[in-house]
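Below: one structure, written as structure tokens.
In this chain, residues are counted from 1 in sequence order. Remember, it's a predicted structure, so these values are computed and weren't measured experimentally.
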Amino acid sequence: MSKEFSRTQRVAQQLQKELAVIVQREVRDSRIGMVTVSDVEVSRDLAYATVFVTFLCVGEQTPESCLAALKEHEVMVRMALGKRIRLRLTPEVKFVYDETLVEGMRMSNLVSEVVSNDAQKKGEAGRQDEEREDEE
């Protein structure tokens with residue numbers, strides 16, 4: 001029977017759960033706002049973890065400012081992570097803004113725009129055909 005998940009995938013999944021709780025409950029910074037840990041990629045040697053995050057920004061907050069504030073807490077997050085998980089080496093945590101949600105929304109809007117333009121053109125073409133039939 002083959003393995004369904006490699007060790008790095010299992011560790012990444014566990015890190016995602018733990019990091020979500022740590023960022024939500026232990027990081028106290030009003031500049032950050034609401035954070036979602038969308039994915040974690042772990043190196044093969046489990047020494048580095050790239051944490052992809054998205055933000056729900058309120059008021060004057062921007063994803064860039066929230067990410068900069070979160071990066072200030074990387075060391076504290078790694079220490080809290082080391083206390084919660086049992087690994088020989090606690091991975092070095094690096095936060096990265098996840099743009100897939102924004103990009104997905106942009107693509108969805110483009111598709112919707114093309115579909116509505118197509119429907120509009122189809123409707124105009126149908127009216128022109130009706131006018132030609134009336135003339136004949």
Side-chain angles (χ1 to χ4, degrees):
M1 185 173 162
S2 65
K3 291 184 182 178
E4 290 185 25
F5 297 105
S6 68
R7 177 170 168 77
T8 56
Q9 288 174 329
R10 291 192 312 266
V11 169
Q13 194 175 37
Q14 185 64 33
L15 287 177
Q16 182 177 354
K17 290 177 186 175
E18 296 298 336
L19 285 168
V21 172
I22 290 170
V23 169
Q24 181 183 17
R25 295 185 183 158
E26 296 183 21
V27 175
R28 302 281 182 216
D29 195 337
S30 61
R31 299 174 295 165
I32 295 175
M34 195 162 152
V35 182
T36 303
V37 178
S38 57
D39 193 23
V40 176
E41 290 180 357
V42 182
S43 63
R44 288 181 56 108
D45 62 355
L46 305 178
Y48 300 96
T50 305
V51 182
F52 294 93
V53 294
T54 56
F55 300 99
L56 179 62
C57 298
V58 179
E60 296 179 7
Q61 293 177 337
T62 62
E64 293 81 19
S65 66
C66 293
L67 184 63
L70 188 59
K71 283 186 176 188
E72 293 177 12
H73 297 282
E74 282 179 348
V75 174
M76 188 276 300
V77 168
R78 183 178 182 196
M79 287 175 33
L81 188 62
K83 292 176 185 176
R84 289 176 161 259
I85 61 171
R86 294 189 58 194
L87 288 175
R88 188 175 299 161
L89 178 69
T90 303
E92 185 176 322
V93 177
K94 178 183 173 188
F95 291 105
V96 177
Y97 181 65
D98 187 11
E99 296 181 6
T100 56
L101 182 65
V102 174
E103 189 65 19
M105 288 173 47
R106 186 184 73 82
M107 286 183 169
S108 177
N109 289 339
L110 286 173
V111 169
S112 298
E113 184 179 325
V114 168
V115 168
S116 65
N117 288 343
D118 190 38
Q120 183 181 5
K121 287 180 181 179
K122 185 177 180 180
E124 290 173 0
R127 286 188 210 127
Q128 291 173 354
D129 290 343
E130 290 174 6
E131 290 173 1
R132 287 182 190 152
E133 289 175 3
D134 292 339
E135 291 175 0
E136 293 176 358

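Put simply, the side chain of Val40 does not reach to within 4.5 Å of the side chain of Phe52, judged on heavy atoms. The closest side-chain heavy-atom distance from Val42 to Tyr48 is not below 4.5 Å. Side chains of Asp39 and Val37 form no contact here, defined as non-hydrogen atoms less than 4.5 Å apart.
We find the CG-CE distance between Leu110 and Met105 to be 12.0 Å, quoted to the nearest 0.5 Å. How far NZ of Lys83 is from CG of Leu81: 11.5 Å, rounded to the nearest 0.5 Å. One distance of note links CZ of Arg7 with CG of Leu87; it measures 6.0 Å at 0.5 Å rounding. Separating the CG atom in Leu67 from the OG1 atom in Thr54 is a distance of 11.5 Å, to the nearest 0.5 Å. Once rounded to the nearest 0.5 Å, the distance linking OG of Ser112 with CG of Asn117 reads 10.5 Å.
Leu15 is not connected to Val75 by any chain of hydrophobic side-chain contacts under 4.5 Å among Ile, Leu, Val, Met, Phe, Trp and Tyr, and they are in different clusters. Clustering ILVMFWY residues whenever any of their side-chain heavy atoms sit less than 4.5 angstrom apart, transitively, puts Met34 in a cluster other than the one holding Leu19.
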Atom pairs and distances, side-chain donor-acceptor, residues 90-99, under 3.5 Å, sequence neighbours left out:
| residue | atom | partner | partner atom | Å |
| --- | --- | --- | --- | --- |
| Asp98 | OD1 | Thr100 | N | 3.3 |
| Asp98 | OD1 | Thr100 | OG1 | 2.9 |
| Asp98 | OD2 | Ser38 | OG | 2.6 |
| Asp98 | OD2 | Thr100 | OG1 | 3.2 |

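Each salt bridge (Lys or Arg N to Asp or Glu O under 4.0 Å) pair with one or both residues in residues 105-121, not counting sequence neighbours, appears once here: Glu103-Arg106. The side chain to side chain donor-acceptor pair (under 3.5 Å) analysis of residues 66-79, with sequence neighbours excluded, yields the pairs Asp29-His73, Arg31-Glu72.
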>> Working note: Val51 + Gln16, criterion side chain to side chain contact (heavy atoms under 4.5 Å, CB included); need CA distance, chi angles, decisive distance, verdict.
In response: CA-CA 8 Å; Val51 182; Gln16 182 177 354; over 6 Å; no

>> Test side chain to side chain contact (heavy atoms under 4.5 Å, CB included) on Glu26 and Val77; report intermediate values, then the result.
In response: CA-CA 8 Å; Glu26 296 183 21; Val77 168; over 6 Å; no

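Closest heavy-atom contact between Val23 and Val27: O-CB, 3.6 Å.
Side-chain atoms of Glu18 and Gln14 form a donor-acceptor pair, as typed in the model, at a separation below 3.5 Å.
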